[in-house]
Chemist: 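There's a structure below that I have some questions on.
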Amino acid sequence: MLPRRPSREPLMPKEIPPRFDPAEVEARWQRAWAEAGYFRAPADPKGAAFTIVLPPPNVTGVLTLGHMLGDTVQDVLARWHRMRGDAVLWLPGLDHAGLATQVAVRRHLAKERIRLEELPRVEVLSAIGRWKEEREATIRAQTEAGGFSVDWSRYRYTMDEASVRATREAFVRLFDAGLIYRGERIVNWDPRLRTAISNLEVVHREEEATLLYLEYPWADGSPGGIVVATVRPETIFGDVAVAVHPDDERHRAALGRTVRVPLTDRVVPVIADAAIDRAFGNGALKVTPAHDVLDHEIAVRHPELPVPPSILDEEARLAGDLVPAAFRGLDREKGRAAVTDALESAGFVRRKEAYRHSVARSERSDDVIEPRLSTQWFVRLPDLAPPVVEAVRSGAIRLHPDRWERTFFRWMEGLEDWCISRQVVWGHPIPVHYCESCGATIASVDAPQTCPKCHGARFRPDPDVLDTWFTSWMWPFATMGWPERTGDLARYYPTSVLVTGRDIMFFWVARMMMAGFRFTGERPFSHVFFTGMLRDDTGRKMSKHLGNSPEPLDLIRERGADALRFALLYPNPVDQDGPFTAATLEGGRNFLTKLWNLGRLLLSHVPEGAAAPAVAPALREGSALESRWILARWRETTRALDAALESFEFTQAATLLLQFVWHDLADRYVEMAKDALKGERGERARTEAREVLLFVFERTLRELHPFVPHVTEELWHALPHEGEALAVARWPSPAEAPDDPVALAQMEILWDGIRTLRNLRAESGVPATELPAGTIRATLAESEAILGDQAALLTRLGRVARLDPWSEPSPGWDPRARAVTPYAEYRLVIEAASPEAAEGLAREREKLSGILERTRHRLADEGFRSRAPAQVVAEAEEKVRELTERIRRIDGGAEPATSGVP
RNA sequence: GGGCGCGUAGUCUAGUGGUUAUGACGUCACCCUGACACGGUGAAGGUCGCCAGUUCGAAUCUGGCCGCGCCCA
């Protein structure tokens with residue numbers, strides 16, 4: 001890096017330092033906003049209500065960059081609506097994340113060589129309690145550091161008292177309606193965590209295994225038997241049959257016969273069932289009803305078959321009377337090896353082959369799921385689905401981006417009952433008691449006093465707890481006091497937008513919809529916005545597991561919350577998976593520095609006691625073109641910005657603002673208005689330039705505020721302003737500035753000239769410090785007028801000493817420094833241009849004649865002339881005219897290349 | 001195995017029937033110009049994955065193929 005140049009005495013007032021120091025500024029505004037209570041949702045809202053419930057982060061960990069992305073999107077929405085005058089409630093909270101938290105704490109304890117399973121329940125709870133306190137404090141600090149405008153006065157926790165009541169109430173209502181039942185089913189059993197889990201918590205992975213072909217000998221002692229293929233030989237002790245497809249010719253003769261289960265004395269029948277896949281193995285399946293879903297279904301269809309108890313215990317070790325003593329106590333791996341050995345030495349194995357298949361594992365423990373017949377609680381989800389499907393279909397609830405609707409419908413249509421009971425400590429206990437006298441099942445919000453059936457008074461509570469999602473699915477209304485009819489519920493429910501990652505679309509979003517309609521009769525939200533996933537610089541998804549997700553607080557400390565927020569929204573689309581790298585964050589920081597310096601420049605030109613820009617400056621006849629233009633551009637930008645925000649296009653919104661601030665306001669307007677600002681165009685021009693710049697910058701600060709609240713608040717207070725804080729300032733309207741298509745069109749012509757002269761200078765090799773003279777010839781009436789009027793800007797920004805009327809080169813004047821645009825021709829008066837000047841012109845000619853060629857070709861096509869809309873044909877004809885003319889000019893000016901060149 | 005999505009300069013990306021294909025990062029050249037070198041100015045860089053089809057006309061629509069990703073079983 002270059003050494004800092006020797007500092008000149010700055011013109012800036014001392015109050016605004018040359019660099020934005022986020023650490024100090026951000027903390028200061030966060031405090032100020034909190035003290036002013038701007039983010040507390042009013043109890044008596046005047047305007048329309050706008051509600052977001054923050055997806056409660058899990059106490060499992062602390063906030064990741066992904067959370068910051070979601071929070072930023074929500075804050076943009078919340079602040080935008082607040083500025084538009086809506087009564088905004090953004091409700092924060094925390095999720096107890098039952099099983100996930102227990103696993104995290106279990107792992108944490110394991111580091112100290114403590115087994116969670118061996119601790120008394122109360123100690124487990126207090127260990128989890130301590131864990132929660134720590135994480136909660138960090139999460140809160142992270143949220144505050146991000147500058148997120150949540151209403152902390154309404155903070156909720158899925159384990160607080162009100163949540164406990166709401167959870168129990170919901171359970172009892174569904175139970176009473178017959179939508180919750182207890183039953184014996186094959187469930188996904190996690191042997192390491194010793195609990196059932198739901199289908200959604202199971203992940204499937206392709207893994208290598210060995211497929212064994214086992215011969216089950218005929219029970220009558222006749223030679224041979226039936227060959228069954230299996231990857232789980234250790235489960236043969238639970239077999240009750242061998243099944244084949246009823247139409248399978250190969251096994252027709254076997255039907256009705258009996259076989260002996262290898263290594264046992266048990267005799268089982270060969271049965272027919274249409275569910276058998278004839279293509280798999282030999283087409284014969286061993287039926288083990290306690291350890292496989294399909295096998296259980298087969299057993300249900302064949303009531304004559306016994307359903308023996310499980311031959312694996314809850315940690316998936318071989319157990320029970322059916323298992324030969326030699327194998328008892330072995331886990332699945334060892335059991336499989338031992339049983340395989342025994343089968344091989346006893347001669348039952350006909351064949352072994354390597355086999356790749358999909359293995360179900362627990363999302364939480366990564367242990368292989370054991371399908372296990374057990375008694376659990378279930379919610380009849382299919383019965384809750386119809387209003388949800390209808391709402392999404394009708395548009396009452398809209399998903400953004402809407403392509404996710406298909407995925408959503410597919411899942412909704414294939415719903416299965418939801419297993420909600422978990423055999424763990426950390427969670428809401430299932431609100432069910434069993435009467436000790438008559439065995440009645442009593443679901444009640446408060447513990448029962450007497451049994452409604454037999455009036456007994458002694459009860460045994462259900463030992464299980466609820467899946468954490470059984471509480472989370474009520475988040476939009478339980479947080480507002482449901483089942484009580486609270487004021488918040490009346491005012492702020494249904495909520496407006498839910499912002500979340502699509503990884504929990506089924507876990508949470510769909511279930512919230514079901515709960516919303518079931519318990520409140522209304523949609524819980526009208527829009528769902530799914531954010532994308534962040535990837536690191538090597539393209540991997542950021543995850544805690546990979547350890548490639550930077551700690552948000554570190555990034556905030558390094559570059560500031562505003563830089564982080566902006567970088568999360570720009571340039572990579574928030575609704576797509578995309579990279580987030582150090583360069584992304586620097587880009588955000590650079591933009592804020594640009595904004596900051598624009599503010600410093602403006603401040604240096606604002607006189608003491610200048611008024612806040614209440615309305616746009618009225619421009620008159622004779623106002624500067626750039627002033628008319630920037631107001632019109634601001635209007636266009638504001639209109640597009642509103643449209644982008646309305647349609648959840650946050651990256652588009654951020655892009656519009658960045659383009660406007662950097663390229664329109666800083667690069668063009670400020671550069672053009674500089675001499676006016678310095679007073680070189682007179683007092684009137686100076687005042688107008690100040691007023692225009694102040695107005696546009698102030699309105700732009702408002703528009704940027706939802707995205708980068710701290711830096712905008714700081715700048716706003718440094719400049720003339722009216723009102724308490726930008727956080728509660730009014731959102732601008734495009735109508736504040738006049739529409740001015742003439743100014744927009746004229747600026748095109750002027751800018752074309754400036755760009756052309758700059759390009760000519762560079763290509764001709766004019767040293768940066770020299771200002772050559774130039775000549776100009778406008779080729780259209782409109783460009784003649786505008787380029788004449790704006791000659792001062794054209795020469796200053798085009799970096800030429802002066803522009804004379806067109807003249808042909810004379811000796812000592814290199815003719816190659818020449819350019820032709822749609823509006824004018826330009827020459828630089830220089831002795832020797834570098835060859836690139838001529839090359840540039842030649843390249844331009846080549847490109848133009850290519851386009852001309854193609855356009856002529858199109859026009860020559862009868863089909864085009866007769867079928868294309870008249871306007872398209874006319875445009876093509878105009879293009880041919882314009883290009884022909886331009887090429888003619890390029891050629892016409894082509895003096896002998898050597899003329900005048902030494 | 002099923003479903004969904006995506007392939008546009010080195011990288012990321014805009015663009016849903018007629019544009020001289022957008023912007024950013026990176027690269028190269030010049031420049032510390034009275035806001036900003038976290039900056040300015042200029043430039044180079046693309047057969048819009050491949051093949052068919054529809055159409056007067058395809059980056060854009062349809063089909064197939066190839067590659068990548070995600071979800072589900």
Side-chain angles (χ1 to χ4, degrees), chain A residues 1-6 8-12 16 18-20 199-200 202-204 357-358 360 401 403-408 410-411 414 502-503 505-506 532-533 535 537 539 541 559 563 570-573 576-581 583-584 586-605 651-652 655 658-659 662-663 666-667 670-671 674 677-678 754-755 757-763 765-769 797-799 822 836 840 843-844 847-848 850-852 854-855 857-869 871-873 875-876 879 883:
Chain A
M1 186 164 317
L2 291 166
R4 296 286 305 144
R5 77 183 109 162
R8 249 172 304 215
E9 199 50 41
L11 289 176
M12 294 298 138
I16 295 208
R19 281 283 152 75
F20 171 50
N199 295 346
L200 283 177
V202 177
V203 290
H204 295 263
H357 69 143
S358 173
R403 64 189 132 96
W404 296 111
E405 285 183 6
R406 277 200 238 186
T407 312
F408 181 83
R410 210 171 46 74
W411 188 73
R502 60 177 176 276
D503 49 333
M505 172 157 43
F506 305 135
M533 305 262 186
R535 287 188 272 116
D537 46 11
K541 259 201 284 185
R559 305 289 195 202
Y570 176 93
N572 290 300
Q576 273 177 44
D577 295 359
F580 186 93
T581 65
T584 316
E586 263 176 47
R589 186 272 315 259
N590 293 355
F591 173 54
L592 298 186
T593 306
K594 189 75 187 178
L595 184 71
W596 183 258
N597 279 299
L598 204 46
R600 293 206 314 142
L601 172 85
L602 173 53
L603 199 61
S604 73
H605 289 292
T651 300
Q652 173 65 8
T655 307
L658 178 133
Q659 294 285 333
W662 208 314
H663 303 305
D667 289 349
V670 165
E671 291 309 322
K674 259 181 184 165
L677 286 169
K678 285 188 232 155
I754 292 169
R755 218 175 338 107
L757 287 168
R758 286 172 169 177
N759 170 275
L760 209 43
R761 282 179 50 99
E763 287 201 331
V766 176
T769 47
L797 296 187
R799 307 268 304 146
E836 278 94 69
R843 256 203 314 274
E844 176 80 356
K847 183 172 143 193
L848 293 178
I851 298 162
L852 179 61
R854 269 175 279 141
T855 313
H857 186 77
R858 251 198 310 158
L859 278 167
D861 184 342
E862 241 339 281
F864 175 67
R865 285 193 172 277
S866 58
R867 301 217 182 193
Q871 203 201 329
V872 175
V873 178
E875 276 167 11
K879 194 191 286 181
L883 290 173

Chemist: Pairing check on B/rG46: which nucleotide meets the Watson-Crick or G-U wobble criteria with it, both distances under 3.5 Å?
Modeler: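 When the pairing criteria are applied, nothing turns out to pair with B/rG46, so the answer is none.
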Chemist: Can you tell me which nucleotide in B/rG42, B/rC30, B/rG18 comes closest to the side chain of A/Ala762?
Modeler: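 When the side chain of A/Ala762 is considered, B/rG42 is the closest of B/rG42, B/rC30, B/rG18.
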Chemist: Tell me whether the OP1 or OP2 atom of B/rG23 has a side-chain N or O from A/Gln659 closer than 4.0 Å.
Modeler: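 It does not, given that no N or O in the side chain of A/Gln659 lies less than 4.0 Å from OP1 or OP2 of B/rG23.
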Chemist: Which sits closer to the 5' end of RNA chain B, A/Leu658 or A/Lys879, going by the nucleotide each is nearest to?
Modeler: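 Of the two residues, A/Lys879 wins.
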Chemist: How close do A/Val670 and A/Leu598 get, heavy atom to heavy atom, and via which atoms?
Modeler: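 That closest heavy-atom pairing would be CG2-CD1, 3.7 Å.
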Chemist: Counting only side-chain nitrogens and oxygens, does A/Lys674 get under 4.0 Å of the OP1 or OP2 atom of B/rU33?
Modeler: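 Indeed not, no polar side-chain atom of A/Lys674 lies that close.
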Chemist: For B/rC38, which nucleotide is its Watson-Crick or G-U wobble mate, given both distances must be under 3.5 Å?
Modeler: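 With both distances under 3.5 Å required, B/rC38 matches none.
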Chemist: Hunt down the Watson-Crick or G-U wobble partner of B/rA52, both distances under 3.5 Å, from any strand shown, or write none.
Modeler: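 By the stated definition (distances under 3.5 Å), B/rU62 pairs with B/rA52.
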Chemist: Provide, to the nearest angstrom, the distance between the CZ atom belonging to A/Phe506 and the C1' atom belonging to B/rC72.
Modeler: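 Distance check: A/Phe506 CZ to B/rC72 C1' gives 8 Å.
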Chemist: Tell me which nucleotide among B/rA35, B/rU41, B/rC12 gets nearest to the side chain of A/Asn572.
Modeler: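 Output: B/rC12.
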Chemist: From C-beta outward on A/Asn759, which listed nucleotide comes closest to its side chain: B/rG42, B/rG34, B/rC71?
Modeler: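 That would be B/rG42.
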Chemist: In whole Å, what is the span from the CG atom of A/Asn597 to the P atom of B/rC36?
Modeler: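 These atoms are roughly 6 Å apart.
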Chemist: I want to verify a distance call: between B/rA14, B/rG5, B/rU20, whose nearest atom is closest to the A/Ile851 side chain?
Modeler: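 My answer, after comparing the listed nucleotides, is B/rU20.
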Chemist: Could you state the CZ-C1' distance from A/Phe580 to B/rC25, rounded to the nearest angstrom?
Modeler: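 After rounding, the gap between these two atoms is 14 Å.
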Chemist: Rounding to the closest angstrom, what is the interatomic distance between B/rA44 and B/rA21 at atom P?
Modeler: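 The answer is 13 Å between these two P atoms.
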Chemist: Take atom CH2 of A/Trp411 and atom C1' of B/rG5, then tell me their distance rounded to the nearest Å.
Modeler: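 These atoms are roughly 20 Å apart.
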Chemist: At 4.0 Å (heavy atoms only), tell me whether A/Asp503 reaches a base, stays on the sugar-phosphate, or touches nothing.
Modeler: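 Contact class for A/Asp503: none.
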Chemist: For A/Phe580 and A/Arg535, what are the C-alpha separation, side-chain angles and deciding distance, and is it a side-chain contact (heavy atoms from CB on, under 4.5 Å)?
Modeler: CA-CA 6 Å; A/Phe580 186 93; A/Arg535 287 188 272 116; over 6 Å; no
Chemist: What does A/Pro573 touch in the nucleic acid at a heavy-atom separation under 4.0 angstrom: a base, only the sugar-phosphate, or nothing?
Modeler: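 Touches sugar-phosphate only.
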Chemist: Are any non-hydrogen side-chain atoms of A/Arg865 and A/Val873 less than 4.5 angstrom apart?
Modeler: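 Counting from C-beta outward, A/Arg865 and A/Val873 do come under 4.5 Å.
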Chemist: Just call it for A/Ser358: base, sugar-phosphate, or nothing, with non-hydrogen atoms closer than 4.0 Å on any strand.
Modeler: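 Base contact.
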Chemist: Would you say B/rG39 has OP1 or OP2 under 4.0 Å from some side-chain N or O of A/Asn590?
Modeler: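 A/Asn590 to B/rG39 OP1/OP2: side-chain N or O found under 4.0 Å.
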Chemist: OP1 or OP2 of B/rA14 versus the side-chain N and O atoms of A/Gln576: is any pair under 4.0 Å?
Modeler: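 Result: yes.
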Chemist: Could you pick out which residue, A/Arg502 or A/Glu763, lies toward the 5' side of RNA chain B when each is mapped onto its nearest nucleotide?
Modeler: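 It is A/Glu763, whose closest nucleotide lies nearer the 5' terminus.
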Chemist: Would you mind reporting whether A/Leu658 and A/Pro571 have side-chain heavy atoms less than 4.5 Å apart?
Modeler: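 Answer no - side chains too far apart.
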Chemist: Counting heavy atoms from C-beta on, name the nucleotide in B/rA73, B/rA43, B/rC38 closest to the side chain of A/Arg589.
Modeler: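 The closest nucleotide is B/rC38.
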Chemist: Does the side chain of A/Phe506 come within less than 4.5 Å of A/Thr407's, by heavy atoms?
Modeler: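 Contact flag for A/Thr407/A/Phe506 side chains = yes.
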Chemist: Quick check on B/rG69: is either OP1 or OP2 less than 4.0 Å from any side-chain nitrogen or oxygen of A/Lys541?
Modeler: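 For A/Lys541, the contact criterion (side-chain N or O under 4.0 Å from OP1 or OP2 of B/rG69) is not met.
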Chemist: With rounding to the closest Å, how many angstrom separate the P atoms on B/rG1 and B/rU19?
Modeler: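 One P to the other, the span is 42 Å.
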Chemist: Atom CD of A/Gln871 to atom P of B/rU19: distance rounded to whole Å?
Modeler: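 After rounding, the reported distance stands at 13 Å.
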Chemist: Looking at A/Arg843 and A/Glu763, is any side-chain nitrogen of the basic one under 4.0 Å from a carboxylate oxygen of the acidic one?
Modeler: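 So A/Glu763 pairs with A/Arg843 through a salt bridge.
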Chemist: Looking only at side-chain atoms of A/Arg858, point me to the closest of B/rG18, B/rA35, B/rA43.
Modeler: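 Out of B/rG18, B/rA35, B/rA43, the nucleotide with an atom closest to A/Arg858's side chain is B/rG18.
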Chemist: For atom P, what is the distance between B/rG64 and B/rC28, given to the nearest Å?
Modeler: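 The answer is 45 Å between these two P atoms.
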Chemist: In whole Å, measure the gap between the P atoms of B/rC61 and B/rC48 for me.
Modeler: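 Taking atom P in both B/rC61 and B/rC48, they lie 15 Å apart.
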Chemist: Work out how far the P atom of B/rC50 is from that of B/rC66, and round it to whole angstrom.
Modeler: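 One P to the other, the span is 15 Å.
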Chemist: Across all strands, who's sitting opposite B/rC25 as a Watson-Crick or G-U wobble pair, both distances under 3.5 Å?
Modeler: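 Partner of B/rC25: B/rG10.
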Chemist: Can you check the distance between B/rU8 and B/rG2, where both ends of the measurement are the C1' atom (answer in whole Å)?
Modeler: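 That atom pair is separated by 30 Å.
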Chemist: In Å, rounded to the nearest 0.5 Å, how long is the span from CZ of A/Arg559 to CZ of A/Arg589?
Modeler: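 Output value for this atom pair is 4.0 Å.
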Chemist: Across the strands shown, which category fits A/Ala666 at heavy-atom distances under 4.0 angstrom: base, sugar-phosphate, nothing?
Modeler: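 Base contact - A/Ala666 has a heavy atom under 4.0 Å of at least one base atom.
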Chemist: What nucleotide, of B/rG18, B/rC31, B/rA35, holds the atom closest to the side chain of A/Ala868?
Modeler: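 The listed nucleotide nearest to A/Ala868's side chain is B/rG18.
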Chemist: Please determine, for the side chain of A/Arg843, which listed nucleotide (B/rA44, B/rA14, B/rC71) has the closest atom?
Modeler: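 Of all the options, the side chain of A/Arg843 is nearest to B/rA44.
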Chemist: Once you apply a heavy-atom cut-off of 4.0 Å, does A/Glu671 come out as touching a base, just sugar-phosphate, or nothing?
Modeler: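 Result for A/Glu671 = base.
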Chemist: Reckon A/His663 has a side-chain N or O less than 4.0 Å from the OP1 or OP2 of B/rA24?
Modeler: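 Result: yes.
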Chemist: Counting heavy atoms from C-beta on, name the nucleotide in B/rA35, B/rG42, B/rG18 closest to the side chain of A/Leu598.
Modeler: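 Of B/rA35, B/rG42, B/rG18, B/rA35 is nearest to the side chain of A/Leu598.
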Chemist: With respect to the side chain of A/Arg410, which nucleotide from B/rU41, B/rC56, B/rG2 is positioned closest?
Modeler: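 It is B/rG2.
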Chemist: Below 30° counts as parallel, above 60° as perpendicular, anything between as tilted: where do the rings of A/Trp662 and A/Phe591 land?
Modeler: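 Geometry flag for A/Phe591 against A/Trp662: parallel rings.
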Chemist: With a 3.5 angstrom cut-off on both distances, give the Watson-Crick or G-U wobble partner of B/rG5, or none if there isn't one.
Modeler: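 Partner of B/rG5: B/rC68.
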Chemist: If the P atom of B/rG49 is compared with that of B/rC12, how far apart are they to the nearest Å?
Modeler: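 To the nearest whole Å, 13 Å.
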Chemist: Please determine whether a side-chain nitrogen or oxygen atom of A/Trp662 lies at a distance below 4.0 Å from atom OP1 or OP2 of B/rG40.
Modeler: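 For A/Trp662, the contact criterion (side-chain N or O under 4.0 Å from OP1 or OP2 of B/rG40) is met.
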Chemist: Just do the salt bridge (charged side-chain N to carboxylate O under 4.0 Å, His left out) check on A/Arg867 and A/Asp861 with the steps written out, would you?
Modeler: CA-CA 10 Å; A/Arg867 301 217 182 193; A/Asp861 184 342; over 6 Å; no
Chemist: Under 4.0 Å, counting only non-hydrogen atoms across every strand here, what does A/Arg406 touch: a base, just sugar-phosphate, or nothing?
Modeler: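 Sugar-phosphate contact only.
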Chemist: Can you tell me, in whole Å, how much space there is between the P of B/rA59 and that of B/rA73?
Modeler: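 Between the two P atoms, the distance is 40 Å.
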Chemist: Give a yes/no on whether any side-chain N or O of A/Arg867 is located under 4.0 angstrom from OP1 or OP2 of B/rG18.
Modeler: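 The answer is no; no side-chain N or O of A/Arg867 sits under 4.0 Å from OP1 or OP2.
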